[in-house]
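Note sheet for the following structure.
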4 protein chains.
Amino acid sequence: MKKVNVRKPGAGRPRDEDVTRQIRAAAMELGLESGFDGLSIEAVAAHAGVGKTTIYRRWRNVWSIVADAVLDDVAKLAPLQEQSTARGSLAASMRLAARYFRGPRGKVLRALIGRAQVDRTLHKALIEQWLLARRNVTREFVRRGIAKGELRPDLDPDIVIDALYGPLYHQLLLPYDSGHGDLSDAYVDALVETVFAGLERKGE
Amino acid sequence: MKKVNVRKPGAGRPRDEDVTRQIRAAAMELGLESGFDGLSIEAVAAHAGVGKTTIYRRWRNVWSIVADAVLDDVAKLAPLQEQSTARGSLAASMRLAARYFRGPRGKVLRALIGRAQVDRTLHKALIEQWLLARRNVTREFVRRGIAKGELRPDLDPDIVIDALYGPLYHQLLLPYDSGHGDLSDAYVDALVETVFAGLERKGE
Amino acid sequence: MKKVNVRKPGAGRPRDEDVTRQIRAAAMELGLESGFDGLSIEAVAAHAGVGKTTIYRRWRNVWSIVADAVLDDVAKLAPLQEQSTARGSLAASMRLAARYFRGPRGKVLRALIGRAQVDRTLHKALIEQWLLARRNVTREFVRRGIAKGELRPDLDPDIVIDALYGPLYHQLLLPYDSGHGDLSDAYVDALVETVFAGLERKGE
Amino acid sequence: MKKVNVRKPGAGRPRDEDVTRQIRAAAMELGLESGFDGLSIEAVAAHAGVGKTTIYRRWRNVWSIVADAVLDDVAKLAPLQEQSTARGSLAASMRLAARYFRGPRGKVLRALIGRAQVDRTLHKALIEQWLLARRNVTREFVRRGIAKGELRPDLDPDIVIDALYGPLYHQLLLPYDSGHGDLSDAYVDALVETVFAGLERKGE
DNA sequence: GTATAAACGAGACGGTACGTCAGGTCTTTCT
DNA sequence: AGAAAGACCTGACGTACCGTCTCGTTTATAC
């Protein structure tokens, strides 16, 4: 999302990285306190003590700033966690994701996913830098589970992940408030249990 | 979402329902052809050949018009379908939902859910008039499945529905384009199969 | 300079003439106190307590406002004065013009003529509404002087007026500060005397 | 107008006079082809292939560049010409001035005088380097004419010059397009004739 | 029938933000 | 130390819409 600077070096004054950070911070701060809707370049510039041009030189619109700020530290904030079993890895990682969703950054992610429905570039960035970055790792959890005989051999990893994470995104974006709609660890555990065991009544 | 009209009736010229329909239509048309982002009251008014006041008299903002247009015909366009088994009912209804998501209205729903992340009123309307309206019926499918011994007796209906529909919304909003990311009937069927059977390898 | 409003009447809210006057006044006030250079639409709007659009709806740029304000009351402020002789009429009118040039409006006129050198529309407006409006009357003074035998019959009225008023504009725009460079009545009188009598030494 | 360079010589890299000339030329070229209004330092720098700083090091603003370019060659381009009689000297010099006014440089002079109405520094420069430079010489023409008995002994040289040159500037800045408004030689001759002979009908 | 009252189209109004341009300064590297 | 490049803050540009407010007109009920 950041403008790549391919240019013969040494020409002109270099971009000030401090300024870049200030802008990112200002955008997040303003967004979190007064809502990401109505977040304007003008306000961010003022709050960061920066000219508008300085912002436009780096990003094309407000959402790019926010996306930049969020996607920069995906890995740190909602990490994936491998354990000895596939079920363990998935459950642990889902709990961490749910925790992230519940926190203040969850609000930002919601706004970002929301805006992405109407902004192709952001949509692409989100899928590539957020979704697929995580899924590529998660798929391996599933594959290893299958290989080790833990999981059914005929499973499609992506469908498995959809069945587990889909509900999480659903609760993030459309929480219908029904007892466990708060993305609690209990909800995650119940969900994992349900999906792993299946819906059908066993035996006889 | 529509402004309630508390007034002694018969006084003054009545609202023209044709005008209301024209505005709704104009909003949808403009949104579908040039994107719901950037859809402005001014443009809708011009396209509908109507004064701005006439719109503000009925709705508080553009998104209310769109929500109104969409939520009006939820039941008709993505109906729920009961069959003899819970699995049958759920699978059939999910296929209809997926079809709706794939169609032109899916684009609108995406935009609406997106916008709702940042607009409390819309968020509430969407959950109540769209999500819960459907879920209340769907829950019965699950309950009857349990009652009939078709499904595990310890299931939480909401978690079941999350596990089945969550992936659908996930694919609607963040399609990561991986083979079956197109909300096809095949995807729905694979998903149903996976969730119903569970992930674990059955003992010997 | 004012936008002519040819439109079926009764359509829409009418322009507010008070607002128009406020804007004109604000422009003049700001210009006189802080210089017409650097006079911005934004400042005028702020000072008049008016939105920018409201200004753009009436004029295309700041100079049009000023021209509008000045040219509106040309006739009142630097009137032409007919007397019994051509010389009397010309001298009296020139004194009034000089007085106008000396006053606060002279500063505005200077700025306006200055700007006109670089703005075709303004140039045209100035010549038509200011210069020719006056000259058409002044020419009659000269013609009548010729008819009455007061002035040489072979004179070209325009050259006569140039010889008399040219110096006045010259002193307005490029005052070289040389004793009588202040557009005083004495200067006007000396000028009239010199031009009327001619430069040549009369043959004995 | 040029920044004077009082500095111990040999310290650092010397100013490149070629660069100075390029900038002057670029300013004139851009001004003549796309109007002196809207002439920007940025554009001049780009057109001259020069950094903005390099310009600011020499001049304080665009108009200083233009003034510099014009005033540099006043003497060459609109010279004063002494002849045997005062009338001859004045008429000849006025024709040369009129020719200059008509030419491409006249457009620049107009713009400069225009801008000077709103820019004190430029105003001062113009009066000193252009107007007074010429007038000091012209005054001698008049004085000698008086001394030789050619002209009335009671004349004020400045008023004489105003009466003759005033109309020229008037026609330059506010050409009202009336037959001879084109600063032609014929116009100059008619003007000289009129002013020298005076307006009054002679004797009997 | 004639008030009265609201809806309606048009468009003016005070605003906010947009994205761009230029101003003048500062900072870097190269000459 | 000069020069070219370009980042930086500032402030104005002219435009698009916002939501509110007149206007004159139309369309209904109620007196």
Side-chain angles (χ1 to χ4, degrees), chain A residues 5 7-16 19-20 38-46 48-58 60-62, chain B residues 5 7-16 19-20 38-46 48-58 60-62, chain C residues 5 7-16 19-20 38-46 48-58 60-62, chain D residues 7 10-16 19 38-46 48-58 60-62:
Chain A
N5 216 349
R7 193 172 27 92
K8 59 195 59 132
R13 176 173 173 179
R15 297 264 171 86
D16 188 336
V19 164
T20 308
L39 183 60
S40 72
I41 292 260
E42 210 130 90
V44 173
V50 139
K52 283 198 286 176
T53 343
T54 304
I55 295 184
Y56 282 112
R57 209 174 283 124
R58 284 150 225 255
R60 51 174 92 261
N61 56 55
V62 224
Chain B
N5 215 348
R7 188 173 31 94
K8 58 193 61 130
R13 175 173 172 179
R15 294 264 172 87
D16 187 337
V19 163
T20 309
L39 184 60
S40 72
I41 292 260
E42 210 129 272
V44 173
V50 140
K52 283 199 288 175
T53 341
T54 305
I55 295 184
Y56 280 111
R57 210 174 281 122
R58 283 151 226 253
R60 51 173 91 259
N61 57 53
V62 225
Chain C
N5 214 349
R7 190 172 32 92
K8 57 196 60 136
R13 177 174 171 180
R15 298 263 172 87
D16 188 336
V19 163
T20 308
L39 183 60
S40 72
I41 292 259
E42 210 130 272
V44 173
V50 140
K52 282 198 287 176
T53 343
T54 305
I55 295 184
Y56 282 112
R57 211 174 278 124
R58 285 150 226 254
R60 53 173 93 259
N61 56 54
V62 223
Chain D
R7 193 170 29 91
R13 175 171 169 179
R15 294 263 173 87
D16 188 337
V19 163
L39 184 60
S40 72
I41 292 259
E42 211 130 88
V44 172
V50 139
K52 283 200 286 177
T53 345
T54 305
I55 295 185
Y56 281 111
R57 209 172 282 122
R58 284 152 226 253
R60 51 173 94 258
N61 57 53
V62 226

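The chains referred to below are lettered A, B, ... by the order of the sequence lines, with proteins before strands, and numbering in each begins at 1. Just so we're clear, the structure is a prediction, and the values are computed from it rather than from any experiment. Excluded from the calculations below are hydrogen atoms, water molecules and symmetry mates; all remaining heavy atoms, backbone and side chain alike, are included.
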Nearest non-hydrogen partners of C:V44 and C:L39, listed with the distance: CG2-CD1, 3.9 Å

Kindly say if C:T54 contacts the phosphate of E:dG14, meaning a side-chain N or O under 4.0 Å from OP1 or OP2. yes

Give the angle between the helix axes at the two ends of the helix from E:dG1-F:dC31 to E:dT31-F:dA1, taking five base pairs at each end and rounding to 10°. 10°

Nearest-Å distance for atom pair CZ/P, residues A:R57 and E:dG19: 16 Å

For A:N61, what residues pass the side chain to side chain donor-acceptor pair (under 3.5 Å) criterion, not counting sequence neighbours? A:S64

Closest approach of D:D16 to D:R58 (non-hydrogen atoms, all atoms of both residues): O-NH1, 3.5 Å

OG1 of C:T53 to CD1 of C:I41: how many Å apart, nearest 0.5 Å? 10.5 Å

More 5' along DNA chain F: D:V19 or A:A48, using each one's nearest nucleotide? D:V19

When you check every protein heavy atom under 4.0 Å of nucleotides 20-25 of chain E, what one-letter string (B, S, -) results, 5' to 3'? BBBBBB

Rounded distance (Å) that lies between atom P of E:dA6 and atom CZ of B:R58: 15 Å

Grab the CZ-P distance between C:R15 and F:dC21 for me, whole Å please. 21 Å

